[in-house]
Amino acid sequence: MIYYSGPAAKFQTQTSINMPEASIQTILAGEVPTGSPLTIRGWVRTRRDSKAGFSFIQVNDGSTLHNLQVVADQSLPNYASEIRHLTSGCSVRCTGTLVESKGRGQSVELQAAEIQVLGWVEDPDTYPVQPKHHSFEFLRSVAHLRPRTNTFGAVTRVRHATARAIHDYFDRNGYYWVNTPIVTASDAEGAGELFRVSTLDLANLARDEEGNVDFRQDFFGRETFLTVSGQLNVEAFCLAMSKVYTFGPTFRAEKSNTARHLAEFWMVEPEVAFAGLDELGTLAEDFLKSVFTSVLERSADDMAFFVERIESEAVSRLEKLIASPFVRMDYSEAIRILQRSGTRFDYKPEWGLDLQTEHERYLTEQHCQAPVIVMNYPAEIKAFYMRLNDDGQTVAAMDVLAPGIGEIIGGSQREERLEVLRSRMDTEQLESGRYEWFLDLRRYGTVPHAGFGLGFERLLNYITGLTNIRDVIPYPRTPGNAPF
RNA sequence: UCCCCGGUAGCUCAGCUGGUUAGAGCGGGUGACUGUUAAUCACUAGGUCGUUGGUUCGAAUCCGACCCGGGGAGCCA
């Protein structure tokens, strides 16, 4: 399969109204004829000298994985004084003529008539980003400089392309993007520990008559937190706009220190009115396939890089997923399959218990060898807002499991029946006063509806083949770690 | 939070059955050489071996504590 990205190149040309210098992406895409005068700006990756009287400078401007080779001749006035001292990381403005390359490895190069050094690297000896392999661990410690590496440049472009594919998908299908609040008063959305938002003086806390912290004196006049999910808020818009989604930051104060968890991450949550669990499964499948197809088309260069340097299966597994129908099965059936598998699991599969990572991997990687949608989980292990099935034991929840990554989507049909929802909230001992507005949605024109949550960074891990979630977000926030 | 593993030059690592001045590659500097491709070759600078106690004639190496990081688990997206 071959992917080209013509439309993206045209888009770049239009933006050149404000930026007369062509991007390296457009130059290498062949949009600038050889013989043209040309100016580029960017950062030096490497410099190779020839004593015969010129230097080759690889310049990258972030518009593409690839560098443009700038040929600097000794006749340039600052050749000996400046150009011969360029090191990785220096910023330059290069003006000259685009010519066919006399060397192998690139079709065109810039024959420089002028090279202006915009910014030197203060101490080249200690500049952290070198043209060599760095550990991801080290690069995390220089999160402000890692965008200058091939890998993080590619991640940044693919992250953008994926976000755009998500918005495009929903736009094409009649969904509205709803910006749900970051600050919330819901303290028990059932999705994990919350970060408190407060302007109270921690050194001198306001107290009420009983000696408890008096949140009436806090900024919002009540206890508030950072959101752990936009779902509850977006449901209200779903029951007016029919098809909506959130795409924004989400916060969990869980002290989980794993390659799959962030304290601050981005989540995509579509919510569809008049839909049930089956339609939701269909949406999840169509959504993933569409987004993957779009990223493969638009980010072919960067994906090829991931295949070469990060994960050789990065492209083929997306293509495979796009081509395979997702397998659907009930939770009860999944438990039976696991119990009869003859595989020895660390945790025994048992009806009523949640599926462990090892169980999910068996189902999707061994048994089905395809993405699996597991549906209808026991009510006790799922959230209060999920719709109770007629059997009274299970809820209309689903998890989409993908080979090689596990759970990528979790969702459910929502409980739209007022009395059933109220009784489930009682069972979970939720403070009903805080959810009256949520119950209103069931009082006034309630309809069946369903939605799911997708971890954006987990999706990026799956796409890029990078295995640590901290390497697909610009500035990762994890327990004990927010230095940038 | 639990279980493992690790912290040695700017980076990637070796050295760790304790023994004289701690090594390599890359990166930096200098020089040589070539339309070069993470160029090549030579020379050169650069480290209080995470911190802190202890064992010992002697600790990067052994032991304890602490700090930091990574992997796995749980929880989840």
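In this text, all values refer to a predicted model and were calculated from it rather than measured experimentally. Protein chains get the first letters and strands the later ones, always in sequence-line order, with residue 1 at the start of each.
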- Counting any heavy atom closer than 4.0 Å, what does A:S55 reach on the DNA or RNA strands: base, sugar-phosphate only, or nothing? nothing

Taking atom types as they are modelled, is there a donor-acceptor pair under 3.5 Å from the base of B:G10 to the side chain of A:D125?
no

When rounded to whole Å, the CD to P distance for the pair A:E407 and B:A73 reads 14 Å

Per nearest nucleotide of RNA chain B, the residue lying toward the 5' end, A:S88 or A:L262, is A:S88

**Message:** I'd like the C1' distance from B:A60 over to B:A14, given in whole Å.
**Reply:** 12 Å

**Prompt:** OP1 or OP2 of B:A38 sitting under 4.0 Å from any side-chain N/O of A:R48?
**Reply:** no

Of the candidates B:U34, B:G28, B:G10, the side chain of A:P124 sits closest to B:G28

| message | Just to be sure I understand the rule, does A:N481 reach a base, reach only the sugar-phosphate, or reach nothing, if contact means heavy atoms closer than 4.0 Å? | response | sugar-phosphate

Donor-acceptor pairs are to be reported for all side-chain atoms of residues 467-478 of chain A against protein atoms at under 3.5 Å, with residues two or more places apart or in another chain.
unit_1 : atom_1 : unit_2 : atom_2 : d
A:N468 : OD1    : A:R470 : N      : 2.9
A:R470 : NH2    : A:N257 : OD1    : 3.0
A:D471 : OD1    : A:R140 : NE     : 2.8
A:D471 : OD1    : A:R140 : NH2    : 3.4
A:D471 : OD2    : A:R140 : NH2    : 2.8
A:R477 : NH1    : A:F484 : O      : 3.4
A:R477 : NH2    : A:F484 : O      : 2.4

* Asked: Is a side-chain donor-acceptor pair under 3.5 Å present for A:Y331 with A:D399?
  -> no

With heavy-atom distances below 4.5 Å as the criterion, would you say the side chains of A:H449 and A:Q413 are in contact?
no

A:R260 vs B:C75: side-chain N/O to OP1/OP2 distance below 4.0 Å:
no

C1'-based separation of B:C57 from B:U51 [nearest Å]: 26 Å

Under 3.5 Å, is there a donor-acceptor pair between the A:Q69 and A:R48 side chains? yes

Whole-Å distance, A:D123 CG to B:G46 C1', equals 11 Å

CG (A:L38) and CG (A:L110) are apart, to the nearest 0.5 Å, by 5.5 Å

Original post:
Is any NZ, NE, NH1 or NH2 atom of the basic residue among A:E313 and A:R317 found under 4.0 Å from an Asp or Glu carboxylate oxygen of the other?
Top reply: no

**Separation between the C1' atoms of B:G10 and B:G47, rounded to whole Å** = 11 Å

(request) Check if the side chain of A:H261 and the base of B:C76 share a donor-acceptor pair of N or O atoms closer than 3.5 Å. (result) yes

Say we look at B:U12 and B:C33: how far apart would their C1' atoms be, to the nearest angstrom?
28 Å

With a cut-off of 6.0 Å (strictly less than), are more than 12 heavy atoms of other residues, nucleotides or ligands near CD of A:E333? yes

Under a 3.5 Å limit on both distances, the Watson-Crick or wobble mate of B:C49 is none

As its Watson-Crick or G-U partner within any shown strand, both distances under 3.5 Å, B:C43 has B:G29

Practice item. Determine the contact category for A:L459: base if any of its heavy atoms lies under 4.0 Å from a base atom, sugar-phosphate if only primed atoms, P, OP1 or OP2 are that close, otherwise nothing. Key: nothing

Within the 4.0 Å heavy-atom criterion, would you say A:S101 contacts the bases, only the backbone, or no part of the nucleic acid? base

Under 3.5 Å between N/O atoms: give me all the protein pairs with nucleotides 3-6 of chain B, atom names plus distance.
none

Rounding to 0.5 Å, atoms OG1 (A:T162) and CD1 (A:I463) come to a distance of 3.5 Å

For nucleotides B:C67 and B:U21, find the distance between their P atoms and express it as a whole number of Å.
34 Å

Report which part of the nucleic acid A:F452 touches: base, sugar-phosphate, or nothing (heavy-atom distance under 4.0 Å, all strands).
-> nothing

Notebook entry, point to check: At under 4.0 Å between heavy atoms, what does A:E269 touch on the DNA or RNA strands: base, sugar-phosphate, or nothing?
Noted result: nothing

For a 4.5 angstrom cut-off between non-hydrogen side-chain atoms, does A:F56 reach A:D49? no

Record whether the side chain of A:Q130 comes under 3.5 Å of the base of B:G10 through a donor-acceptor pair of N or O atoms. yes

- request: Take atom C1' in B:G46 and the same atom in B:A24, then report the distance between them in whole Å.
  value: 14 Å

So what does A:H133 hit on the nucleic acid, given a heavy-atom distance under 4.0 Å: a base, only sugar-phosphate, or nothing? base

Do the charged groups of A:E415 and A:R424 touch, with an N to O distance under 4.0 Å? no

For a quick check of understanding: with a heavy-atom distance under 4.0 Å over all strands, which category does A:F138 fall into, base, sugar-phosphate or nothing?
sugar-phosphate

Heavy-atom nearest nucleotide on RNA chain B taken for A:Q356 and for A:Q111; more 5' hit belongs to A:Q111

| field | Within 6.0 angstrom of A:F136 CZ, more than 12 heavy atoms from elsewhere | value | yes

pair_partner(B:U1), Watson-Crick or wobble, both distances < 3.5 Å, evaluates to B:A73

Considering only heavy side-chain atoms of A:P131, the closest of B:G74, B:G35, B:A38 is B:A38

Q.
Taking any heavy-atom pair under 4.0 Å as a contact, classify A:S135: base, sugar-phosphate, or nothing.
A. sugar-phosphate

message = Between A:R252 and A:E264, does any NZ, NE, NH1 or NH2 come within less than 4.0 Å of an OD or OE carboxylate oxygen?
response = no

Salt-bridge contact A:E457-A:R159 (side-chain N to carboxylate O under 4.0 Å): yes

- Message: When you measure only distances, ignoring hydrogens and angles, does the side chain of A:Q106 come within 3.5 Å of the base of B:U36 through a donor and an acceptor?
- Response: yes

Per the under-4.0 Å heavy-atom filter, residues of residues 72-87 of chain A near RNA chain B come out as A:H85, A:T87

Here the distance between atom P of B:G71 and atom CG of A:L466, to the nearest Å, is 12 Å

Closest of B:U1, B:G70, B:G74 to the A:N468 side chain is B:G70

Separation of B:C76 atom C1' from A:I409 atom CD1, nearest Å, is 15 Å

Task: Over 12 non-hydrogen atoms of neighbours within 6.0 angstrom of CZ in A:F237 - done: no

Whole-Å distance, A:R45 CZ to B:C26 P, equals 20 Å

What distance, rounded to whole Å, do you find between the two P atoms, one in B:G74 and one in B:C63?
31 Å

Out of B:G35, B:G70, B:C75, minimum distance to the side chain of A:Q69 belongs to B:G35

Atom CZ of A:F56 and atom P of B:U34 are separated, to the nearest Å, by 13 Å

Ranking B:G10, B:G70, B:G74 by distance to the side chain of A:N257, first place goes to B:G70

Classify the nucleic acid contact of A:T46 as base, sugar-phosphate or nothing, counting any heavy atom under 4.0 Å across all strands shown.
sugar-phosphate

Between CG of A:N461 and P of B:G71 the distance, given in whole Å, is 11 Å

* Quick one: label A:D354 by what it contacts on the DNA or RNA (base, sugar-phosphate, nothing), any heavy atom closer than 4.0 Å. => sugar-phosphate

**Asked** Taking the same atom, P, in B:C26 and in B:A38, what whole-Å distance lies between them?
**Response** 14 Å

Scanning all shown strands, the Watson-Crick or wobble mate of B:G35 with both distances under 3.5 Å is none

In whole angstroms, the gap separating P of B:U12 from CZ of A:R140 amounts to 12 Å

